[in-house]
A.B. asks: 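Attaching a single structure in structure tokens format; questions to follow.
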Amino acid sequence: MVSNPEGMVLRRALVSVDEYFQEDDSMSEVTYVVAIVTVAPEHAHTAEAELARCMVASRKEAPCQHYVVNRDLEKPGRFTTDERWDTPAAFDAHLATPHFNVLAKAMGALGAEVTIMKVRPLDAAADAA
């Protein structure tokens, strides 16, 4: 777990550490990201508005293939993002955009806990079965 300067708690997780280190880190590889954002229930409305703002701006980034924010229907204050970027570098560049920095600052102010996972869809494994 890592705290950034804005106070937002970040957790980085991988689907499989062994798979991650065996993967080709080619700059041409599509990058899939899932984030879980949790705030206190009383901050859910504010967090949702900030996440929606970032989603709109992120979808305008050329290397963004997919960006959806979801609200957990069973736990107020918990959200997920489902993202797809052209390359790992495109995702890293997204993290440096002004709109993402505004989101990070807002989530920090709300005391958000954020887990960011770079994932790989199991489509190919399921198709091969």
Side-chain angles (χ1 to χ4, degrees):
M1 191 166 22
V2 178
S3 289
N4 69 8
E6 288 82 22
M8 180 172 60
V9 176
L10 298 174
R11 291 184 185 174
R12 294 199 180 261
L14 305 170
V15 172
S16 162
V17 172
D18 291 335
E19 286 179 357
Y20 180 77
F21 286 108
Q22 292 174 5
E23 298 289 335
D24 175 16
D25 279 341
S26 160
M27 294 308 287
S28 64
E29 185 176 303
V30 173
T31 300
Y32 298 84
V33 177
V34 173
I36 303 168
V37 179
T38 306
V39 298
E42 61 269 20
H43 297 307
H45 182 73
T46 302
E48 183 172 329
E50 294 296 335
L51 287 161
R53 267 192 276 280
C54 186
M55 177 176 58
V56 169
S58 297
R59 287 178 173 176
K60 293 177 184 175
E61 293 178 56
C64 179
Q65 298 179 11
H66 178 84
Y67 198 110
V68 175
V69 176
N70 304 286
R71 178 189 326 113
D72 188 327
L73 298 177
E74 296 179 351
K75 184 174 179 185
R78 185 166 57 186
F79 303 87
T80 65
T81 69
D82 179 28
E83 307 170 36
R84 189 169 56 240
W85 298 91
D86 286 347
T87 64
F91 174 66
D92 290 341
H94 162 69
L95 297 178
T97 60
H99 57 270
F100 184 83
N101 285 313
V102 167
L103 175 67
K105 185 175 181 179
M107 292 299 110
L110 296 175
E113 181 174 304
V114 179
T115 301
I116 299 173
M117 299 177 286
K118 290 184 180 178
V119 299
R120 170 117 330 118
L122 297 179
D123 293 349
D127 291 345

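All values derive from a computational prediction rather than experimental measurement. Atoms considered below: every heavy atom in the structure, side chains included; atoms not considered: hydrogens, waters and symmetry mates.
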A.B. asks: What about Leu95 and Leu51, same hydrophobic cluster or not, with Ile/Leu/Val/Met/Phe/Trp/Tyr joined at side-chain heavy-atom distances under 4.5 Å?
C.D. replies: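 Yes, same cluster.
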A.B. asks: For a quick check under 3.5 Å, do His66 and Glu83 share a side-chain donor-acceptor pair by atom type?
C.D. replies: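 His66 vs Glu83: no donor-acceptor pair found between side chains.
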A.B. asks: Tell me whether the rings of Trp85 and Phe91 are parallel (<30°), tilted (30 to 60°) or perpendicular (>60°).
C.D. replies: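 Tilted.
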A.B. asks: What heavy-atom pair brings Thr31 and Thr87 nearest, and what distance separates the two atoms?
C.D. replies: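 Taking every non-hydrogen atom into account, OG1-C, 3.2 Å.
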A.B. asks: Taking C-beta and beyond as the side chain, do Thr81 and Val34 meet within less than 4.5 Å on heavy atoms?
C.D. replies: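 Side chain of Thr81 against side chain of Val34, heavy atoms only: no contact under 4.5 Å found.
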A.B. asks: Please list, chain by chain and in numerical order, all residues satisfying side-chain contact (heavy atoms from CB on, under 4.5 Å) with Val102, sequence neighbours excluded.
C.D. replies: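 Val102: side-chain contact (heavy atoms from CB on, under 4.5 Å) contacts with Glu50.
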A.B. asks: If you compare all heavy atoms of Ala112 against all heavy atoms of Val39, which two are closest, and at what distance to 0.1 Å?
C.D. replies: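 Answer, listing the atom of Ala112 first, then Val39: CB-CG1, 3.6 Å.
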A.B. asks: To the nearest 0.5 angstrom, please state how far the SG atom of Cys54 sits from the CE atom of Met107.
C.D. replies: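 Answer rounded to 0.5 Å: 9.0 Å.
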A.B. asks: Side chain to side chain donor-acceptor pair (under 3.5 Å) with Thr80: which residues, sequence neighbours excluded?
C.D. replies: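 With sequence neighbours excluded, Thr80 shows a side chain to side chain donor-acceptor pair (under 3.5 Å) to Asn70, given in chain and number order.
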A.B. asks: Could you tell me the separation between the CZ atom of Phe100 and the CD atom of Glu61, rounded to the nearest 0.5 Å?
C.D. replies: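 Going from the CZ atom of Phe100 to the CD atom of Glu61 covers 10.5 Å.
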A.B. asks: Please give me the minimum heavy-atom distance between His99 and Ala57, naming the atom from each residue.
C.D. replies: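 Looks like CG-CB, 3.4 Å.
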A.B. asks: In plain terms, say whether Arg53 and Glu48 are close enough for a salt bridge, that is, a side-chain N and a carboxylate O under 4.0 Å apart.
C.D. replies: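 Glu48 and Arg53: not salt-bridged.
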A.B. asks: Would a distance-only check, ignoring hydrogens and angles, find a side-chain to backbone donor-acceptor pair under 3.5 Å from Arg59 to Tyr67?
C.D. replies: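 Pair found, side chain donor or acceptor close to backbone of Tyr67.
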A.B. asks: How many angstroms lie between CG in Asp72 and CD1 in Ile36, if you round to the nearest 0.5 Å?
C.D. replies: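 Atom-to-atom, Asp72:CG and Ile36:CD1 are 9.5 Å apart.
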A.B. asks: Any side-chain heavy atom of Thr38 within less than 4.5 Å of one from Lys75?
C.D. replies: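 They are in contact (side-chain heavy atoms under 4.5 Å apart), so the answer is yes.
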A.B. asks: Hey, does the side chain of Asp86 reach the backbone of Gln65 with a donor-acceptor pair shorter than 3.5 angstrom?
C.D. replies: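 Checked: no pair found.
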A.B. asks: For Ala44 versus Phe79, what's the shortest heavy-atom pair and its separation?
C.D. replies: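 Looking at all heavy atoms of both residues, the closest pair is O-CZ, 3.5 Å.
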A.B. asks: Provide the closest heavy-atom pair for Met55 versus Val68 in the form atom of the first, atom of the second, distance.
C.D. replies: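 In this case the closest contact between Met55 and Val68 is SD-CA, 3.9 Å.
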A.B. asks: Mark yes when over 12 heavy atoms from residues, nucleotides or ligands other than Arg71 sit less than 6.0 Å from its CZ; otherwise mark no.
C.D. replies: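 Not buried by this count: 12 neighbours or fewer within 6.0 Å.
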A.B. asks: Hey, are the side chains of Ser58 and His94 touching, using non-hydrogen atoms and a 4.5 Å cut-off?
C.D. replies: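 The answer is yes, as the side chains (C-beta and beyond) meet within the 4.5 Å cut-off.
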